[in-house]
Structures are given as structure tokens and as C-alpha cells.
Amino acid sequence: MPETSIVIKAEDRYSEAINKMAANTKRFNKDVETLEDGLLKLSKNKATLRMDLSQAQKELKAAEKQFAKTGAEADGLALQLKQANYDNIKRNLDSVTKAARDTEHQIRKMNEETQEIRAVSGSGGIGAGIKNSLNELISLGASDMIGKSVQTIFDAAASSTFGDAGGRIISDTVSSAISGFARGGVKGAIVAGATGLISGIAQNEAAKDDAYKNWYGGLYETASASIDASLQSGIGIAGTRESDLLSFTALLGGDRRAAGSFQNALIGVGRTPPFSYDMAAGFAKDMLGLGLTEDEALSRINALGNAAATLGLSETNVSSIVSLLESSQLSGKIEGRVLKSLSKLGINVYSALAEAFEVDESEVEGLLSQMGADKGVAAIYAYMGKLVSDTTGSYANTYEGRVSAVQSYDDDFNSRMGTGYETERKKGLLDEQLWKSGELGAEYGKAMEAVGAGRAAMENLASKYNEEALGAVMLNKETTLDWSDEVLAELAELSVKYQEAKAEYEAGNKEAGAKVEAYLEEAQALAEAEYDSCEAVRTVADVEKDLISAINANTSALGGWRAEYMQEQALSKGRLASAFEEGSVLGTFGFLGLSPEKIPGFATGLERVPYDNFPALLHEGERVLTAAEARSYNGGSPVTVTGNTFVVRQDSDIDAIAAAISEKIRMARLAGVT
């Protein structure tokens, strides 16, 4: 009797445990399905983000080109917004990629756990013995609870100590070892732990590969974008300098050679801080316009450079100096307010003019009123030119000075790129100008006129459908366009409803206004649907469909799409591709982190391979044996020895002689002697 009660109790526990495992299996399956749905959404999101990133990159490049072309503040702000949008999409894509990778890992782990539960639940039965089943269940339950606790501790500690990469390896190893222990004890834990270790390493390598592809893809994009930006900047600079050359030529009496030399001198001034070429060229135009020679203009510009470097003047300050002196020269008089303004900028004009004209400082203003502005302006420029002449060189050694100098060289390089582009592009622009101004251009103009008229006609037709629909509903008007009988019937029904709603509204029911709105919207929707179904729209749709089919048929044999495809494929390759493309085993060793210098060579042979996957460099004439062949080889082979006399004094001599001969043969073979 007692035994029976014990058996019943055991059976109840067994049934309960089995039910729990079945429930767990269902839960795991449901969780896996949820994760798979999530992974699908992540994959779709990833694809969408890739397309968005590509579009954002195109918009960013366009904004860079626009800003390089105009330099306008609005275009600069637009460029910043496009850059922020691109960066945001890039961050989102990286996050989604990581989330998808983590989800795949979680699905794989949950599938393994589900298989483990199924394996345990189906590995035995009541017929195998209640006692064994009970022990297995108790063991499984205990190991599962302990395992999850241990894994939680290891995950937190490993991730905190070693980061994501180290934590991933430890997590996979511990998780697999715990699962293996539940199935096969210590041996199972060892085997499963090794599998988890390999899985963690593989995932880390995949993460490294993703980072590598993002990195070198970014290098490619940056290089490409840099060239595009330099070209656009160069086109703008080259265009400006070409216009400047025309201005200098005109100001110098049509002497293009003198204008070119003068411009080159200004480019040289632009390499000496604090001036840029554009700033110097602007001052030069004004000075030449006042009747100065090239040498006089260059002398004054260099004097301004000395003053700016010595006194720490900004570009605005220098522009103010030029404006004050030029206005004085044009008016023929240097007024006291001009002298005071120059003095506030740090230029001691009273002392300079007093020294130049050998008078007291108190007499300067009176003297200038008598002698005019030309000599006074010249004296002020001469004074600025003498201001610590080596200061400009000292300023050039400052950070700002060197940045300015480097930028001037960059402008020159970009300008040469732009000049090369413009010189060649002018040929194509001339051809384009010729055909657009000729017979083909005239015909193209007529075609564009027809295109515009056609679009307007279609818009008019859509508007007419809308007008007739509203007229039929609101005023019960007859239609003139091609309407289907079904839609006409619906319009007639809507007209009745509209009139009823309108009457309710006019009677004081304001809520009926919502009905009026709904009926009018339905009428407009019917008009749009009828327009989309009319013969004119269907004809246009058929033409568009034929156009798409024709483009597809005519271009399918061409390889234009392959360039973009091959580029995408090249950017999708990871580190292992480089190893394989080297075409040698050394490339694969390099991917594994082994350099040829670190791989041992054994020109005289190796008696025994010490461990699995042992790397070695092989040489011509050497032989590699399998383990079985090596054992057979070491066991010896038939050898016939002739022409020798052996003296055997005792039985032990036979064994000694045989051993010596065998060793000699083995060493000879290892050395390559056959």
C-alpha cells in the first residue's frame, strides 16, 4: 500500500513536469515567432534606411555643390541641415543593423533551448523507469535555475569588464556549457561550451567585418565627396579669377599679358597673411580705377598687409582704411574726421604726416587742406609700409597665418582643377549653344510648347470633371463629359442627399453641415476616379507603359547598370575577400592574424605536429603525411641490407642492431633522403 502511494505521487510529478516542458516549448516557439517578425521588420527598415541614406547622400552632395558655388549663408544653413539629416540616418542604420544582428543571435539561442527541452522530454518515458525520469527532471530543473542565475551574473560581469565583444564570447560559452551540462553532464558542458565559444568568436568576427565595411565604405565616400567638393569650389574660384582677369585687362588698357602678370602677383599676395587673393583683387580693382599703376597698387596692398599684421586688424578694419583713403582721394581732401578714424584703428597718421612733411603734428590738418589729398594718402600708405616690415613674416608663423597660407594653396589647386574643367566643358557648351540656337533647337522649342499645352489640357480636363460632379450634386446640372452610368447614378443619389442636408442646415441644424461636407467630398472623389478612368488618361497611361517596356527591352542588353551593381558588391566585401584575392595561403594566414614571418618553416622536416591547425610554411620537395600514414611510416617498412657482415655475440645484439638501422632510416627520410 505505501509503495502504491509513492508511485502515484511520482507519476503526478512526472506529468506535471512534462506539461510544464510542453508549455515552455510553446512559449519558446511563440517567442521565436515574435523575434522573427521583429527581424523581418528590422530587415525592411534596414532596406528603407539604406535607400534613405543614398538619397540623403545625394542631397548632401548637391548642397555642398550649391554652397561652394554661392557661399551664401542660406545655402550654408541648408548644407548643415543636409549633413545633420545624413548623419542621423547613418546612426539609425547602424543601430538597426546591430539590432538585427542581436535578434538573429537571440533566435538562434532560443531555437537551441527549444531543441534541448524537446530532446529531454522525448528521451525517455514511464517505461524507462519513474525513478530515472524523476532524477532527470530534478536535474534539469535545478541546472536550468542555477544555469540561468549563473548566466545572468556572467553576462553582466563579462559585458561590464570586457565590453560587448568579450561579453558576447563569455555569454555564448557559459550559456552553451549550461545547456550541455543539462543534457550530458560535464562532457556535455565541455563540448557545448566549446561550441558556444566558437559561436561567440564568429559573431565578433562578423561584427568586426561590419565595422570594417562601414569604415572603408566611408573612406570611399569621403574621397569621392572630397573630389566633388574640390571641383565645385575650383569651378567657382576659376570663374571668379577669369572675370578678374578680364577686369584687370580692361583697367590696364587691354594689355592681357600685363593683366596676367598683375593677377599672378596678387595670387602671391594672397599666400601672405592676412590677405586672401579675393580681398587683394578687390582692393586692386579700386586702386587701378583711381589711376594707379600696377606697381603702385601692389605697393599699397603690401602696405595694408603690414599694417594689418602689425596692428592685428581684421578684414573689415582694412576695408575701412581703404574706403577712407579712397574717398579722400576722390574728394581731393583729407578731412580731420578721416585722420581721427584712422587713428582709432591704431595708425598714427598725425605723426606719420608730420614726419613726412617735416612739420609739427598740430600743423598737419592745415597743411593737408592746402596741398590736397594725393600726397597725404601716399604718405599714409608709405608709413604703413614701413611698419615693422618683418611682422608679416612673424604673423605667417602663427596658427592663423599658416592656416591662411595653406588655404591659399588649396584655392590654387582647386582653381587649376576648375580651369581644366571649364576649358574642356566650354567645348561642349559651345556645341550645346549651337544646336539650341539652330534648327534642332527650334524644333525642340515647339516640342516643349506641345508638352506644356498637353499638361495644361489634362489639368483642365481634371478640373472640368470636378466642376461637372459638383454641378450635378449641388445644382442638378446635366453632364457633358464621358461619365459611366454607375457614377451618374451615384451623383444623382448624392444630389438628393445633399439637398436634404442643405435643407436641414438652413432649418437650423448646424450638425448637418458635416453631411454637406461629406457629400461634396464624395462627389469630388467620384470626379477624380472618373477622370483617372477616362480615355485620355488611359491613353497617356498606355503610352507611359509602352515607354517603360521599351526602355526595359532596349537597355536590358546594355551593361550600364552593372557599374553600380559592381560598386555595391565591392563595398559589400569584408576582410576575408582581401585574403582570398591575394591568391595564396599566406593571404588567408594574414586574415587570421598570422604574418608569414611568424609562421615557422621546417626545411629539414618535423617529427610531429604538436596540435591541430598548426601553421607551417612548406617547401618544394618536402612531404606531408596524414596521421595514419605517419604511424605506418614510423612503424617501418621492409628493408634489405646486403654486402655487410654483422657479428652477433648475444641475443640482445640483434635488437640493438635493428633499432639502430631503423632510426638511421627514419632520420634519413625526415631529411628528404629516399
Side-chain angles (χ1 to χ4, degrees), residues 247 251 262 265-266 268-398 400-401 404 408:
S247 298
L251 290 169
F262 181 63
L266 292 177
V269 171
R271 293 199 183 101
T272 305
F275 278 171
S276 64
Y277 163 79
D278 290 334
M279 187 177 178
F283 293 152
K285 291 176 187 177
D286 294 339
M287 293 175 182
L288 292 177
L290 292 173
L292 273 65
T293 65
E294 306 100 292
D295 291 340
E296 289 172 337
L298 285 174
S299 176
R300 290 191 175 186
I301 290 172
N302 285 322
L304 289 168
N306 274 349
T310 303
L311 304 174
L313 302 177
S314 66
E315 183 175 339
T316 302
N317 296 146
V318 175
S319 297
S320 297
I321 293 173
V322 174
S323 177
L324 289 169
L325 294 177
E326 286 181 355
S327 62
S328 297
Q329 194 159 357
L330 288 172
S331 66
K333 181 180 179 182
I334 301 179
E335 298 178 353
R337 64 174 184 82
V338 172
L339 297 178
K340 290 181 175 63
S341 296
L342 293 174
S343 296
K344 289 180 180 179
L345 292 173
I347 301 175
N348 194 352
V349 289
Y350 288 98
S351 174
L353 294 173
E355 181 181 350
F357 299 127
E358 298 180 350
V359 296
D360 292 331
E361 292 185 14
S362 60
E363 300 176 297
V364 167
E365 290 190 26
L367 180 63
L368 290 176
S369 63
Q370 297 175 9
M371 64 186 303
D374 289 344
K375 292 183 178 180
V377 169
I380 293 173
Y381 272 111
Y383 164 77
M384 290 190 293
K386 295 177 182 178
L387 287 174
V388 194
S389 58
D390 63 341
T391 304
T392 301
S394 300
Y395 181 81
N397 289 326
T398 65
E400 291 183 358
S404 176
S408 71

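Nothing fancy with the numbering, it's 1 onward along the sequence.
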Would you give the length of the straight line joining atom [atom1] of [X] to atom [atom2] of [Y], rounded to the nearest 0.5 angstrom?
{"X": "N317", "Y": "K344", "atom1": "CG", "atom2": "NZ", "answer": "13.0 Å"}
{"X": "Y381", "Y": "N306", "atom1": "OH", "atom2": "CG", "answer": "13.0 Å"}
{"X": "M384", "Y": "N302", "atom1": "CE", "atom2": "CG", "answer": "11.5 Å"}
{"X": "I347", "Y": "L324", "atom1": "CD1", "atom2": "CG", "answer": "9.0 Å"}

Query raised in the report: Checking side-chain contact (heavy atoms from CB on, under 4.5 Å) for the pair I301/L266: CA distance, chi angles, key distance, verdict?
Result: CA-CA 9 Å; I301 290 172; L266 292 177; 3.8 Å; yes
Query raised in the report: With a 4.5 Å heavy-atom cut-off, do L345 and L311 have their side chains touching?
Result: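 Answer no - side chains too far apart.
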Query raised in the report: Quick one: does V364's side chain get under 4.5 Å of L368's, heavy atoms only?
Result: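 Yes - at least one pair of side-chain heavy atoms lies under 4.5 Å apart.
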Could I get the full list of side-chain contact (heavy atoms from CB on, under 4.5 Å) partners for [X], not counting sequence neighbours?
{"X": "A352", "answer": "Y383"}
{"X": "E326", "answer": "D286, M287, L290, V322"}
{"X": "D360", "answer": "S362, E363"}
{"X": "A265", "answer": "L298"}

Requested in this report: Indicate the atoms forming the closest heavy-atom contact of F357 with A379, along with that distance.
Outcome: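 Shortest heavy-atom separation between F357 and A379 comes out as CZ-CB, 4.3 Å.
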Query - Where at least one partner belongs to residues 348-357, residue pairs that pass side chain to side chain donor-acceptor pair (under 3.5 Å), sequence neighbours excluded - result: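 Output for this query lists Y350-E365.
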Quick one: side chains of residues 329-343, donor-acceptor pairs under 3.5 Å with protein atoms, not counting sequence neighbours, listed by atom name and distance.
unit_1, atom_1, unit_2, atom_2, d
Q329, OE1, R300, NH1, 3.4
Q329, NE2, D374, OD1, 3.4
S331, OG, S327, O, 3.1
S331, OG, S328, O, 3.0
S331, OG, K333, N, 3.4
S331, OG, K333, O, 3.2
E335, OE1, R337, NE, 2.9
S341, OG, R337, O, 2.9
S343, OG, L339, O, 2.8

Show which side-chain atoms of residues 277-285 pair as donor or acceptor with protein atoms under 3.5 Å away, not counting sequence neighbours.
unit_1, atom_1, unit_2, atom_2, d
Y277, OH, D244, OD2, 3.0
Y277, OH, Q263, NE2, 2.9
K285, NZ, D244, OD1, 2.7

